[in-house]
Amino acid sequence: MLMETRVRWGVAGAVMVVCAALAGPAAAGETNVAVAANFTEAAKEIATLFSAETEHQAVLSFGSTGQLYTQITQDAPFEVFLAADDDRPAKAIAEGYGVEGSSFTYAIGKLVLWSSEADLVKDQETLKAGDFQKIAVANPETAPYGTAAVEAMKALGVYDALKNKIVQGNNIAQTYQFVETANAELGFVAKAQLAGNESGSRWEVPGDLYNPIKQDAVLLKKGEANDAARAFVAFLRSPAALAVIEKYGYGVESAN
Amino acid sequence: MSIVQALSPEIWTAVRLTIELAALTTAILLVVGTPVAWWLARSRAWWKEAVAAIVALPLVLPPTVLGFYLLVTLGPSGPGGALAGLWGARTLAFTFEGLVIGSVVYSLPFVVQPIRNAFEAMGDRPLEVAATLRASPARAFWTVAVPLARPGFLTGAVLGFAHTVGEFGVVLMIGGNVPGETKVLSVAIYDFVETLRWREANILAGGMVVFAFAVILAMTLIEKRMRRAGE
């Protein structure tokens with residue numbers, strides 16, 4: 001009898017401990033964030049800082065901006081959208097998926113022409129000489145870095161000559177992978193993807209050759225009532241997050 | 001506006017490319033798959049089921065696994081790159097030829113399995129009779145085994161063709177979305193959906209549904225008829 005009671009209390013105690021562990025601190029919540037592929041590494045680092053600072057968790061989903069936007073229009077459970085452009089966040093608000101007035105530029109992307117071979121990429125002359133078979137570009141229809149790459153090639157007057165050598169990555173991550181595996185000798189990637197990678201050869205495309213890649217964030221209607229979602233959007237503008245964003249080679253808008 | 005007018009040349013290019021890819025893949029698979037199926041049906045080697053399992057792998061593996069290995073294999077540091085070097089290219093990825101190789105691997109089980117089943121179903125008897133009538137093994141194969149296995153060949157060819165038309169993940173990973181070279185229908189549909197061009201996406205996707213339905217229905221009916229004719 002005594003034994004039984006003891007066991008019973010023991011079980012009850014264990015259950016309570018487990019419940020407490022699962023519940024965590026009262027304020028902690030979770031938010032689903034859709035992240036453009038180019039921002040993958042920076043977003044992971046920011047999410048880690050975010051959970052350490054606020055005890056909220058950010059669950060990240062990666063994809064091309066176009067793909068994520070399509071999913072958002074189809075009721076995807078995302079609460080925050082970190083796009084690679086400023087069109088789609090604006091569109092999200094206009095079409096009623098985003099919260100009015102919540103969008104802002106969290107990063108300004110930079111375009112780099114990169115090859116995994118040393119000495120292959122020097123500067124714009126590399127593009128003009130066209131001494132290669134395949135050049136990888138993100139799909140200009142869905143990926144802002146692809147749009148910027150096409151703009152840059154047109155500005156240099158090499159687009160028509162290179163058109164038949166272009167292979168398209170479905171997003172900037174796949175474009176990077178085409179170059180990394182050397183299936184394409186070179187390609188236009190995001191500077192952020194090359195953070196901490198000194199391999200190969202590269203040329204940072206001058207900013208006057210393409211429209212600035214303003215990457216906007218927007219709080220989605222689904223996250224409007226979620227503290228964790230609002231906290232994540234606010235955290236993106238904190239000095240800690242800005243430091244990470246700059247570390248990955250993005251520009252940031254001067255503090256407003 | 002008719003559907004034909006609604007579809008841009010870009011779409012027709014994708015349709016033609018898809019049909020070319022599927023037809024060529026099916027032809028290659030019939031040539032390569034038949035001896036494999038024959039061996040799997042007739043051999044008594046203890047390790048033949050291991051070979052059969054390898055042939056069946058693409059049924060189970062996610063296309064991303066095939067796509068990843070193909071990307072590396074077809075690339076400059078793999079055998080595909082060496083092969084491409086013969087005509088001065090660096091890689092087989094992003095080319096029609098590369099897609100054919102990928103599709104052959106991807107659709108292999110869909111062709112081999114039905115043909116193997118057909119060879120097994122006919123048993124030893126017809127070949128023994130042919131041998132007593134002094135037919136050479138080659139002659140027995142062509143005049144007895146192949147005609148008897150006709151429903152299997154038909155099923156294999158139709159499934160191989162249809163499955164290649166339906167291929168997406170592998171093409172997305174090794175294709176590079178080059179119009180007229182690797183931008184097949186499934187990828188074109190994906191692009192239309194991503195860019196919110198749902199009218200075009202709807203037309204193509206609807207067309208695929210009709211195509212798939214027609215293929216499956218036709219196959220079942222023809223097979224039924226052949227069975228009856230065979231009895």
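Everything numeric in this text was worked out from a predicted model, so none of it was measured. Every chain is numbered from 1 and lettered A, B, ... according to where its sequence line falls, protein lines coming before strand lines.
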Where at least one partner belongs to residues 54-74 of chain B, residue pairs that pass side chain to side chain donor-acceptor pair (under 3.5 Å), sequence neighbours excluded: none
Residues A/V189, A/Y145; criterion side-chain contact (heavy atoms from CB on, under 4.5 Å); working and verdict: CA-CA 7 Å; A/V189 301; A/Y145 283 86; over 6 Å; no
If I measure from the heavy atoms of chain B, does [X] come under 4.5 Å with its side chain, its backbone, both, or neither?
{"X": "A/E180", "result": "neither"}
{"X": "A/E185", "result": "both"}
{"X": "A/T65", "result": "neither"}
{"X": "A/Q133", "result": "side chain"}

Contact leader toward chain B among A/T73, A/V167, A/N183, where contacts are heavy-atom pairs under 4.5 Å: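 Result: the option with the highest number of such pairs is A/N183.
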Greatest number of heavy atom pairs closer than 4.5 Å to chain B - which of A/L68, A/N164, A/T70: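 Option with the top pair count is A/T70.
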Pair B/S107-B/T164, side-chain donor/acceptor within less than 3.5 Å: yes
Any donor-acceptor N or O pair under 3.5 Å, side chains A/Y250, A/N38: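 Looking only at side-chain atoms, A/N38 and A/Y250 do form a donor-acceptor pair, the distance falling under 3.5 Å.
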Residue [X] excluded, over 12 heavy atoms near [atom1] under 6.0 Å:
{"X": "B/W47", "atom1": "CH2", "value": "no"}
{"X": "B/F68", "atom1": "CZ", "value": "no"}
{"X": "B/R150", "atom1": "CZ", "value": "no"}

B/L159 vs B/V111, side-chain contact (heavy atoms from CB on, under 4.5 Å): CA-CA, chis, key distance, verdict: CA-CA 7 Å; B/L159 279 182; B/V111 177; over 6 Å; no
Working for side-chain contact (heavy atoms from CB on, under 4.5 Å), residues A/Q71 and A/F81: CA-CA 11 Å; A/Q71 291 172 355; A/F81 181 26; over 6 Å; no
Closest-packed option against chain A by number of heavy-atom pairs under 4.5 Å, given B/L196, B/V178, B/D191, B/L92: B/L196
Portion of B/V193 that has a non-hydrogen atom of chain A nearer than 4.5 angstrom: both
Side chain, backbone, both or neither of B/A89 within contact of chain A (heavy atoms, under 4.5 Å):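 Both the backbone and the side chain of B/A89 come within 4.5 Å of chain A.
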Centroid-centroid distance, B/W38 to B/W142, less than 6.0 Å: no
Got a donor-acceptor contact below 3.5 angstrom from the [X] side chain to the [Y] backbone?
{"X": "A/D160", "Y": "A/K163", "answer": "no"}
{"X": "B/T34", "Y": "B/V31", "answer": "no"}
{"X": "B/T25", "Y": "B/S103", "answer": "no"}

Do any of [range] have a heavy atom less than 4.5 Å from a heavy atom of chain B, and if so, which, in residue order?
{"range": "residues 91-129 of chain A", "result": "A/K91, A/E117"}
{"range": "residues 135-144 of chain A", "result": "A/N139, A/E141, A/T142"}
{"range": "residues 193-219 of chain A", "result": "none"}

A/M153 CE to A/E151 CD distance, which is reported to the nearest 0.5 Å: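 Here the interatomic distance stands at 10.5 Å.
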Rounded distance [0.5 Å steps], CZ in B/R199 versus CZ in B/F192: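 B/R199 CZ to B/F192 CZ: 9.5 Å, rounded to 0.5 Å.
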Residues A/K191, A/E41: salt bridge by 4.0 Å N-O rule: no
Sole candidate of B/T155, B/L29, B/L30 that passes side-chain contact (heavy atoms from CB on, under 4.5 Å) when paired with B/I115: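 Exactly one pass, corresponding to B/L30.
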